[in-house]
Amino acid sequence: MEERTLRIEGTVENVMFRNEQNGYVVLDLDAGGELITVVGEIGDVDEGERLVLEGSYVAHPRFGTQFKAHYCERKLPADSLNIQKYLASGAIKGIGPSLARKIVDVFGADTLEIMEKEPSRLLEIKGISPKKCENIAAEVKEIFALRGIMTFLSQYGIRSKYAMRVYKKYGSGGIDMICANPYLLCSSGIELEFSRVEKLAADMHIKQDSPERVAAGIEYILNFNHTKNGHVCIPLEKLEPTATNYLGVSQKVFYEVYQQEISEGNICEYLKGEDEYVYMPDYFCAERYIADRVKVLCDFSTMDELSKYERMIDEEEVKNRITYEKLQREAIATALARSIMIMTGGPGTGKTTTLNAIISLYERQGCKVMIAAPTGRAAQRISDLTGYEAKTIHRLLEVEFDMTGVPRFKHNEHNPLICDVMVVDEMSMVDVQLFEGLLRALRIGCKVILVGDSDQLPSVGAGNLLKDLIDSNTVPVIALKQIFRQAQQSCIITNAHKIISGEYPDLTRKDADFFFFQRLEPEKVTELLLELARDRLPKAYKYSPTEHIQIITPSRKGSLGVVELNKKLQHALNPPKQGLAETKSMLYTFREGDKVMQMKNNYDIVWHKGDEEGTGIFNGDIGKILSINKGSGEAVVDFDSRRVVYPFDMLEQLELAYAVTVHKSQGSEFEAVIMPVLGDFPKLYYRNLLYTAVTRAKKLFILIGSQTKVNLMVDNNRRTKRISCLRHMLSRKENNEDDTEAMPLLY
């Protein structure tokens, strides 16, 4: 049943909690003598203010009844008593209780109007110097400007966090800027959804074919394709009909605005053969920089014969009591001889053993080697396997913020990392913008070794970087193929290689580490999945249901998708009970003890690990909710011993992670993986996805569903198609491959 929307009005009696970044507050509201606890993202309110709120009452087992506000209209206090209370609360820097009383004694109910319109009159108050008067006037101007923007946007149901972004970007002129062009709300740094701005623009009678609207629509389509479809750019022949149809404008209007956008540098164009490809500037710069830097690395490579390094490899074999096979030796020699190389191969082919030798031989030559991976779990995994310290690429580059609050990497061309060799593991997960940032942070003479499995799914971010680098034929590539004897004992490994080769996996064995259970009804699949995760695997293998077992599924939707499975798994593994605090988000009810995943990069969130402090939790990081405090409106989440405080409004960045999509599982390994294969989304059932899922399991992999579906996945060798010009930029070939065939819908 839908919550009933109510309207209440009253004066802020006490602000118990506030988050300065996003406007989430917990306060007591005096509504005609009744004290009501109000929670919600309603902005920077202070004691003494009069608020008109819309929302609904919610019941909490620990904190009782609260009013959850969705809309807030501010009315600054009008009577002397509440004006004095407002000023005394510290709302305006430089004014405390004593000075607040003096000001109100002189100006009474006109205090706030005088402070806004005639601030020089504050000099009439004993104890206020010209300098202090100037500071107070500046503070008042800021407060009234921000509140004005909040009030203006709240008329259209736009939350206060966007108002704060407008103020940060445009200052006191924010309202004038938005009135002149409401589509500025879609721009970088504010990032309100295009569809939300359409309603506001209609109220302002912005014409359908206005240049501002069409420009914002073009950029929206490009950005949508970056985030949803993984395309780095869009061919103009696809962009034009998509934009004209979506925006309801003529070709003539589209091309007029398109050319203006190009001339102003808001979008970029690249010619591939005779075809034009359209980029947002950041992505264009990323691909061009990668292509140029890789070319420099290739040009700087020595042309030493690989045989020059045979003796060093022999010595490494003796030291480690190991014999490297032919391709391993070639990979080691290539890494030592060239400035950039790619080593790829499936599970059990000796990538880690080869990498250990490369690192060891470089260190013997006095070189400083750094190891990076795209995620925390991937970094921890390569650390455990090699015995060398590894960090995430984000942690290596260190994030800082510019004057406008936009995150930038601290290490770049002007402040490079101090290393001679950079090893990047799990390269299939690295997108073009992250790789650009890493390359910018490396000194010209630094060698680059890229390690990954090109048969896995591409990165969550835009592009198909590893495949483009390999297919360009400009970078030395060594593909390890031999499955070593020890690895041959694992059905996980042998079946993974069968799958990627187009052979059906062996689903008959019951004595190994790869099991299949035939279940042809979704309810039966779910029933067995829950039984295995909750009871059978913990009992048989002593696995923790949350720490060692991971459910991986192809889809987010449907009865066997992430959302529904997470709700069922949460109820089975962490059900509600007395004393276990919980809070609702848009999608889930979060509970103390829940397994959760971060769904977007957050560069500025602070974490603590013992005495260490840092910033940044990133897309795909998995953690556990330690505590939920309704009083402060915060939850504490642990990510591999890094503790993070999430204000409730930021919980939308988290999802339950008892079940995750195959895409989100990349870069991680789990003791046991369970995967349902029975669903209504045929586009998600293909070979690379199954292969990626199987290779996430370290000791146990279980498939539940239809053998026919499994075989169909193996037969379907459809590759995730992503549009990019990087390969063309790298190889400078004039042949124009058809990258647009079977391209997903743009919006």
Side-chain angles (χ1 to χ4, degrees), residues 6-20 23-55 57 64-69 71-129 132-152 154 160 163 631 633:
L6 302 172
R7 185 181 178 92
I8 63 173
E9 183 173 347
T11 303
V12 178
E13 184 71 21
N14 179 37
V15 178
M16 295 176 285
F17 170 80
R18 77 169 80 241
N19 185 303
E20 302 288 352
Y24 184 89
V25 296
V26 180
L27 58 85
D28 285 332
L29 189 78
D30 182 352
E34 180 186 3
L35 209 60
I36 299 172
T37 300
V38 175
V39 298
E41 193 181 271
I42 57 177
D44 189 19
V45 298
D46 287 289
E47 295 166 13
E49 283 191 84
R50 192 155 187 84
L51 306 180
V52 178
L53 302 168
E54 290 183 2
Y57 284 100
T65 302
Q66 300 173 329
F67 187 84
K68 188 173 183 179
Y71 167 83
C72 175
E73 179 184 333
R74 289 168 178 75
K75 295 183 177 180
L76 286 172
D79 61 275
S80 298
L81 181 64
N82 279 314
I83 289 174
Q84 182 176 326
K85 186 174 183 179
Y86 170 69
L87 294 177
S89 70
I92 297 173
K93 291 177 184 176
I95 300 179
S98 176
L99 188 54
R101 185 175 61 254
K102 290 180 183 180
I103 295 172
V104 174
D105 284 346
V106 173
F107 299 125
D110 298 326
T111 296
L112 295 178
E113 185 177 0
I114 288 170
M115 292 178 73
E116 180 187 8
K117 298 176 180 177
E118 303 176 83
S120 61
R121 289 192 60 190
L122 289 171
L123 292 171
E124 298 173 24
I125 309 299
K126 186 177 180 181
I128 295 184
S129 65
K132 190 174 184 70
C133 178
E134 183 183 330
N135 291 339
I136 292 173
E139 180 76 11
V140 169
K141 183 179 179 181
E142 286 194 12
I143 288 172
F144 276 81
L146 174 58
R147 287 164 189 262
I149 295 169
M150 286 180 172
T151 302
F152 172 72
S154 68
S160 58

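By convention here, the first residue in the shown sequence is residue 1.
- With sequence neighbours excluded, the residues satisfying side chain to side chain donor-acceptor pair (under 3.5 Å) with Thr11 are Arg50.
- One distance of note links CG of Leu53 with CG of Leu6; it measures 11.5 Å at 0.5 Å rounding.
- For Glu116, there are no salt bridge (Lys or Arg N to Asp or Glu O under 4.0 Å) partners, not counting sequence neighbours.
- How far CG of Leu112 is from CG of Leu87: 6.0 Å, rounded to the nearest 0.5 Å.
- Applying the salt bridge (Lys or Arg N to Asp or Glu O under 4.0 Å) test to Glu118 and every residue at least two apart in sequence or in another chain returns nothing.
- With sequence neighbours left out, the side-chain contact (heavy atoms from CB on, under 4.5 Å) criterion links Lys117 to Glu113.
- The line from CG of Leu27 to CD of Gln66 is 10.5 Å long, rounded to the nearest 0.5 Å.
- Going from atom CD of Gln84 over to atom OG1 of Thr111 covers 9.0 Å, rounded to the nearest 0.5 Å.
- The two residues Pro119 and Cys133 come nearest to each other via the heavy atoms O-SG, 3.3 Å.
- The line from NZ of Lys132 to CG of Leu123 is 12.0 Å long, rounded to the nearest 0.5 Å.
- Ile92 CD1 to Asn135 CG: the interatomic distance, rounded to the nearest 0.5 Å, is 12.5 Å.
- Between Phe107 and Arg121 the shortest heavy-atom distance is CZ-O, 3.4 Å.
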_Apply side-chain contact (heavy atoms from CB on, under 4.5 Å) to residues Val39 and Val25 and explain how you reach the verdict._
CA-CA 6 Å; Val39 298; Val25 296; over 6 Å; no
*I would like to know whether Ile36 and Thr65 meet side-chain contact (heavy atoms from CB on, under 4.5 Å); could you show each step before the answer?*
CA-CA 8 Å; Ile36 299 172; Thr65 302; over 6 Å; no
*Might you work through the side-chain contact (heavy atoms from CB on, under 4.5 Å) test for Asn14 and Leu35, ending with a clear yes or no?*
CA-CA 10 Å; Asn14 179 37; Leu35 209 60; over 6 Å; no
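- Within the structure, salt bridge (Lys or Arg N to Asp or Glu O under 4.0 Å) contacts touching residues 26-39 (residues at least two apart or in different chains) do not occur.
- Identified under the salt bridge (Lys or Arg N to Asp or Glu O under 4.0 Å) test for residues 82-105, with sequence neighbours left out: Glu13-Lys85.
- Shown are Ile83, Asp110, Ile95; of these, the side-chain contact (heavy atoms from CB on, under 4.5 Å) with Met115 is made only by Ile95.
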